[in-house]
Amino acid sequence: MSITANWSYPTAIRFGAGRISEIADACAAAGIKKPLLITDRGLASMAITTRTLDLLEAAGLGRAIFADVDPNPNEKNAEAGVKAYNEGGHDGVIAFGGGSGLDLGKLVAFLAGQTRPLWDFEDIGDWWTRADAEAIAPIVAVPTTAGTGSEVGRASVITNSVTEEKKIIFHPKFLPTVVICDPELTVGMPPFITAGTGLDAFAHCVEAFSSPHYHPMSQGMALEGMRLVKDYLPRAYADGSDIEARAHMMSAAAMGATAFQKGLGAIHALSHPIGAIYHTHHGSTNAVCMPAVLQFNRPAILERMDQAANYLGIMGGFDGFCDYVDNLNDSLGIPKTLAGLGVENPDVDRIVTGALKDPSTGGNPVEMTRENTTKLLLACL
């Protein structure tokens, strides 16, 4: 099946297999003449990255790459990236990769022209207005996984390496000018990354759908995003070369990230501090926490998840949906508990404190308190 489309969101999304060949044209559309490609260390030497660099070089756009990016990118990575950007005389960023490369790439484009320190732009109140918007460089985003949806997001998640806290840095101009969603770039993902990133997209959709805030368009995208994951993640996991499944998962990732402007919740509130402290994979952490969070939120989402189950063709309403989530996790090799991700003898008080400070708590349909969040975390261990 061939899936090709152009969308405007207001980001221009070029969607379809083989469209990485348009990378030079995407840079031109964004007004970038000397891009810096930012990705993570694992992708730096892979064929999809070297081919992209070849395309840039052939188009006369240079061959500049920065790959000093950790799996949970931090302020040290940002500082090094800004230095490489400014010293290289670049005028735009190609954010390339999964969540780490995309988030760090967007952040470098944002920070390179600013005079204030990074943490002055945390997503608190109107702190984003502190930025010089005219100094933010244009961004072309190229996702190579199908999960975070950072390619259509207006923020980056960055770990403070000193406090070991994940922080959200926000500005409307974090939204890339052009996105290339080429499912061929995801073919090389190993099964465990396919599973973890796909379940991240699913968590975005579930939490957006569960959020009590009003946003009917996000509600619709979240519901259809869940359907795409249900239908196509098992196929992508079983056969990484299934381009149809890979394409639909890229759509689900973008839909989940678009939908969660309605809100996230306890899944992400827990996974952010756990990931920052114990360096777990974000999507896999979400997946482990999801069953307990569904039960935690049951009184507030029972009727809503009955509706979701009906749309998804899952028998048994809310309970059937929960059984489906358990079975999906099992089929994708997700551990039952956080201990299976290496979180042993955790500092419960520290995680709970981090969860209650996380902005995601505001979108949870059940109010999170120290007492009930502690019980929730213990249920995940």
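Each residue takes its place number in the sequence, starting with 1.
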Are Thr353 and Arg370 close enough, and set up right, to give a side chain to side chain donor-acceptor pair (under 3.5 Å), and what steps lead you there?
-> CA-CA 8 Å; Thr353 296; Arg370 179 163 290 278; 2.8 Å; yes
If you look at every heavy atom in Leu102 and Ala141, which pair is closest and at what distance?
-> CD2-CB, 4.2 Å
Residues Ala109 and Val93: closest non-hydrogen pair is CB-CG2, 3.8 Å
Counting N and O atoms only, with roles assigned by atom type, does the side chain of Glu207 sit under 3.5 Å from a partner on the main chain of Gly263, one being a donor and the other an acceptor?
-> no
Honestly curious: do Val325 and Leu341 fall in one hydrophobic cluster under the side-chain, below-4.5 Å linking rule?
-> yes
Only one of Asp182, Thr186, Asp239, Leu185 passes side-chain contact (heavy atoms from CB on, under 4.5 Å) with Arg246; say which it is.
-> Thr186
Has the side chain of Thr11 got a donor or acceptor atom that lies under 3.5 Å from a matching backbone atom of Pro176?
-> yes
Trace of the side-chain contact (heavy atoms from CB on, under 4.5 Å) decision for Leu338 with Leu377 | CA-CA 9 Å; Leu338 291 170; Leu377 174 59; 4.1 Å; yes
Just wondering, are more than 12 heavy atoms of other shown residues or ligands nearer than 6.0 Å to CG in Asp132?
-> yes
Could you walk me through whether Lys83 and Glu79 pass the side-chain contact (heavy atoms from CB on, under 4.5 Å) test, one step at a time?
-> CA-CA 6 Å; Lys83 181 179 180 182; Glu79 182 180 358; 5.9 Å; no
Side-chain heavy atoms under 4.5 angstrom apart, residues restricted to Ile, Leu, Val, Met, Phe, Trp, Tyr: same cluster for Leu55 and Val179?
-> no
Leu111 side, atom CG; Ile158 side, atom CD1 - distance, nearest 0.5 Å | 8.5 Å
Scanning both residues in full, the closest heavy-atom pair of Asn329 with Leu199 reads OD1-CD1, 3.7 Å
Please check if the side chain of Arg116 supplies one atom and the backbone of Arg130 the other of a donor-acceptor pair under 3.5 Å.
-> no
Does the side chain of Lys106 come within less than 4.5 Å of Ile38's, by heavy atoms?
-> no
Do Ile48 and Ile20 have side chains that get closer than 4.5 Å, going by heavy atoms?
-> no
Between Asp319 and Arg298, is the closest basic N to carboxylate O distance under 4.0 Å?
-> yes
Any donor-acceptor N/O pair, Thr129 side chain to Asp126 backbone, under 3.5 Å | yes
Linking I/L/V/M/F/W/Y whenever any side-chain heavy atoms sit under 4.5 Å apart, do Val157 and Leu270 land together?
-> no
Under 3.5 Å, side chain of Glu75 to main-chain N/O of Ser161, donor-acceptor pair present?
-> yes
Work out which heavy atom in Cys322 is nearest to a heavy atom in Gln295; give both atom names and the distance.
-> SG-NE2, 3.4 Å
Going from OG1 on Thr373 to CD on Glu367, what distance comes out if it is rounded to the nearest 0.5 angstrom?
-> 9.5 Å
Can you get from Met255 to Met226 by hopping between Ile, Leu, Val, Met, Phe, Trp and Tyr side chains that sit under 4.5 Å apart?
-> yes
After noting the C-alpha distance and the side-chain angles of Met189 and Thr144, does the key distance pass the side-chain contact (heavy atoms from CB on, under 4.5 Å) rule?
-> CA-CA 8 Å; Met189 278 196 297; Thr144 64; over 6 Å; no
Is a side-chain donor or acceptor of Asp25 paired with a backbone partner of Glu22 at a separation under 3.5 angstrom?
-> no
Close aromatic pair by centroid cut-off 6.0 Å: Phe66 and Tyr85 = no
Any side-chain heavy atom of Phe209 sitting closer than 4.5 Å to one from Lys262?
-> no
Is there side-chain contact between Met249 and Leu228, with heavy atoms separated by less than 4.5 Å?
-> no
Is there a path of hydrophobic side-chain contacts, each under 4.5 Å between heavy atoms of I, L, V, M, F, W or Y residues, that connects Tyr237 with Leu312?
-> yes
For side-chain contact (heavy atoms from CB on, under 4.5 Å), just list the numbers for Asp70 and Arg41, CA-CA rounded to whole Å, side-chain angles, deciding distance to a tenth of an Å, and then say yes or no.
-> CA-CA 7 Å; Asp70 293 322; Arg41 297 184 187 92; 2.6 Å; yes
Side chain Thr39, main chain Gly101, donor-acceptor under 3.5 Å = no
Determine, for Asp123 against Lys167, whether the closest basic-nitrogen to carboxylate-oxygen distance falls under 4.0 angstrom.
-> no
Is Glu224 paired with Arg227 through a side-chain N to carboxylate O contact shorter than 4.0 Å?
-> yes
Shortest non-hydrogen contact from Leu61 to Cys27?
-> CD1-CB, 4.0 Å
Pairwise side-chain contact, Pro35 with Val140, heavy-atom cut-off 4.5 Å (strictly under) = no
Here the pair of heavy atoms bringing Lys166 nearest to Gly275 is CE-C, 4.1 Å
Classify the ring geometry between Phe321 and Phe202 as parallel (under 30°), tilted (30 to 60°) or perpendicular (over 60°).
-> parallel
When you measure from the side chain of Asn74 to the backbone N and O of Thr159, does any donor-acceptor pair fall under 3.5 Å?
-> no
CG of Asp200 to OG1 of Thr145: how many Å apart, nearest 0.5 Å?
-> 8.5 Å
With a 4.5 Å limit on heavy-atom distance, are the side chains of Arg19 and Thr4 in contact?
-> yes
So, the side chain of Gln261 versus the backbone of Thr258: is there a donor-acceptor pair under 3.5 Å, distance only?
-> yes
Would you say Asp68's side chain and Asn77's backbone share a donor-acceptor pair under 3.5 angstrom?
-> no
In Å and rounded to the nearest 0.5 Å, what is the OG to NE2 distance from Ser271 to His282?
-> 4.5 Å
Answer yes or no: is there a side-chain heavy-atom contact under 4.5 Å between Arg63 and Asp54?
-> yes
If you measure from OG1 on Thr49 to CG on Leu43, what distance do you get to the nearest 0.5 Å?
-> 4.5 Å
The reported gap from OG in Ser210 to CG in Asn364 (rounded to nearest 0.5 angstrom) is 8.0 Å
State, yes or no, whether a side-chain contact exists between His268 and Phe260 at a heavy-atom distance under 4.5 Å.
-> no
Before accepting this row, confirm whether a basic side-chain N of the pair Lys375/Glu371 lies closer than 4.0 Å to the acidic partner's carboxylate O.
-> yes
Inspect the surroundings of CD in Gln114 and state if more than 12 heavy atoms from other residues, nucleotides or ligands are less than 6.0 Å away.
-> yes
CZ (Phe192) with more than 12 external heavy atoms under 6.0 Å | no
Under 30°, 30 to 60°, or over 60°: which ring-plane class applies to Phe110 and Phe174, parallel, tilted or perpendicular?
-> tilted
